[in-house]
Amino acid sequence: MGEQQQGQRPSAVGRAPAGCADQGAPADAVPGVVLLAAVLAAGAGTMTVELAAVRLLAPWFGASAGVWTNVIGVVLLALALGYLLGARLSSGPRPAHRLATLLLAAAVCAAVLPALAAPVAKVFMPTGVPLHEAAELLVWGSLAATAVLFLPAAVLLGAVGPLAVEATQRAHGGGAGRAGGRVLALSTVGSLVGTFGTTHVLIPSLGVRATFLVAAGALFLAGAAVGLAQRRAASVGGGLVLMALANGLAYHPPGAREGETELAAVDSPYQRLRVIESGAGDERMRQLRVNESLDSFQSVWSPKAGLLPPGHYYDHFALPLAFEGADGPPAKWRVLILGLGAGTTVRVLEGVVDAATQLDIVGIEIDPVVLALGEAHFDLRPGPGREYIGGLDARVALALTQGEFDQVVLDAYANNMEIPPHLATREFFGAVARVLRPGGWLTANVGGFGAEDPVVSAVSGTAASALGVPVQLARVPFSRNVTLLARISGDVPTPGSAGWRFAPGLDELRPALEVPGAWSTVRPGSETERREDTPPVLTDDLCPLDWLQLRSIREARERWLARS
């Protein structure tokens, strides 16, 4: 052939034009559909690893914005390193062979992650660390654990793209832009599949460990397809053996402690949930623990409805009934609970309300799986006067709620210590005021170490500013909780005031509230009198609760060290 025929072009790697009898496709040529399927699997696997990474770490570090930031940052760094690695490897011979090897290696890494999570996390967050010592560990510990666990897999997945582009261009010709565009498009589609599939299908139906194994299986199949297309059965067989070994390793999230029994453990779309029981007979207690190995829990149950032992903030949610019932029980009491959990507040109110009072409760819980556990293990019973709604955010519920309430209970938390920022702003408390009747009550659980705590100071000041009424703060004995109480167009009784009277059966709440320092007041317009390092009012636009919560724990630790 003396000259190039129309439509032919020289090979990018120096092979003869198509149609020559002595020179066919390159030795590692792979069908285009196989290469693009591999890219699709890699894109899905990358997002599955990233999204499930937070859930895998949550039992030790929670799932706060800080943990999410660490995971996203580590994955982005790993992908950048992977792109550089893939670019370097793509310049050598047989890019499709290297692509198959990387996919198989990434599959093994993904499969082994659940087994490595516990030992790695315990290095950076030892079991039993008290909360006041855990502030730095929650940030830097999660960053270090994320890097150790997820950096290798994400680097391998990042290298897939450049190798796939090179293998596609060499095997099938065309410009690099065309090959790159096809690879990027399929990778993005795979990422979408991984994003929606992980959150809405895999984790809720299969759990965290099985989700990683599904991702590993998809990557293995992609690598095996590319390898077998090149007749690389040996590398595929080696990957299969390593996958089997990884699958045999067990996943061990934090379990029950000595003297406890785990009644249920399940992964929901939002978190890992465990029901733990301790004690015997009438002394039994159950706790709903969420994404934590620290000294905290989300809901609690005892065999008898009503007030709980000292140290449980839920009892303070009965204070409005105690004050209003001092002159006789109200005929009707309608309550909206934002952050229902497994129903502890319902059980407390049902145990203390007078038989002459019609108690109606609407409960909002963002996680429907929590409601199911509440019905199974915490005596949460829907029925007349009891409406429990799962899968709805509290802020959305306020916008949709009809009618007026006598009391709004706010007890919405993530990982037992993280207040959702959009539920602590001036706009949120304004929405609360709109659903309360004149004289109605707001009662809120705020995690903190007293009235001067930066979180308590910011949230209570914001509530007072939004509601236009004084906010009372009641410390909960033997806990790191403060109850916020406010009354629309009315006064909250305080120790020593004329209204400081309790309904029959609720007088036992009085002694702890009358201890000096247990009760304090925040008035509207007092923002300038509060701490200089605390925002005057939290808003939807500016609500740095993550910083305030870390500062709260650090300051508590400093006070503890000063006393020891």
When you compare the side chain of [Y] with that of [X], does any pair of heavy atoms fall below 4.5 Å?
X: His377; Y: Trp301; value: no
X: Phe150; Y: Leu57; value: yes
X: Leu157; Y: Glu50; value: no
X: Val446; Y: Ser460; value: no
X: Glu283; Y: Pro303; value: no
X: Val148; Y: Val123; value: no
X: Leu380; Y: Leu340; value: yes
X: Leu206; Y: Phe212; value: no

Mind checking the [atom1]-[atom2] spacing from [X] to [Y]? Nearest 0.5 Å is all I need.
X: Leu548; Y: Glu555; atom1: CG; atom2: CD; result: 9.5 Å
X: Thr462; Y: Leu538; atom1: OG1; atom2: CG; result: 3.5 Å
X: Asp453; Y: Arg551; atom1: CG; atom2: CZ; result: 10.0 Å
X: Ser520; Y: Arg475; atom1: OG; atom2: CZ; result: 9.0 Å
X: Leu373; Y: Glu365; atom1: CG; atom2: CD; result: 10.0 Å
X: Leu104; Y: Leu99; atom1: CG; atom2: CG; result: 9.5 Å

Least distance between heavy atoms, [X] atom then [Y] atom:
X: Gly223; Y: Leu103; value: CA-CB, 3.6 Å
X: Arg480; Y: Phe449; value: CB-CE2, 3.7 Å
X: Val183; Y: Val39; value: O-CG1, 3.3 Å
X: Tyr388; Y: Val346; value: OH-CG1, 3.4 Å
X: Ala42; Y: Val160; value: CB-CG1, 3.7 Å
X: Tyr413; Y: Gly447; value: OH-N, 2.5 Å

For the pair [X] (side chain) and [Y] (backbone), establish whether a donor and an acceptor sit closer than 3.5 Å, ignoring hydrogens and angles.
X: Asp315; Y: Leu307; result: no
X: Thr344; Y: Val300; result: yes
X: Arg55; Y: Ser268; result: yes

Check the pair Leu423 / Leu338 against side chain to side chain contact (heavy atoms under 4.5 Å, CB included), numbers first and verdict last.
CA-CA 10 Å; Leu423 301 184; Leu338 304 176; over 6 Å; no
Side chains of Asn70 and Ser142, donor plus acceptor under 3.5 Å:
yes
Is there a donor-acceptor contact under 3.5 Å linking the side chains of His422 and Asp393?
yes
Where does the angle between the aromatic ring planes of Tyr313 and Phe317 fall among parallel (under 30°), tilted (30 to 60°) and perpendicular (over 60°)?
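Ring orientation of Tyr313 relative to Phe317: perpendicular.
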Is Arg289 paired with Glu260 through a side-chain N to carboxylate O contact shorter than 4.0 Å?
yes
Within 6.0 Å of CZ in Arg88, more than 12 heavy atoms from elsewhere:
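No.
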Evaluate the criterion side chain to side chain contact (heavy atoms under 4.5 Å, CB included) for residue pair Ser90 and Val165; output intermediate values, then yes/no.
CA-CA 9 Å; Ser90 67; Val165 171; over 6 Å; no
Please step through side chain to side chain contact (heavy atoms under 4.5 Å, CB included) for the pair Val476 and Thr483, ending with a clear verdict.
CA-CA 7 Å; Val476 181; Thr483 304; 3.7 Å; yes
Determine, step by step, whether Leu410 and Leu484 satisfy the side chain to side chain contact (heavy atoms under 4.5 Å, CB included) criterion, reporting the C-alpha distance in whole Å, the side-chain angles of both residues, the deciding distance to 0.1 Å, and the verdict.
CA-CA 9 Å; Leu410 175 62; Leu484 180 156; over 6 Å; no
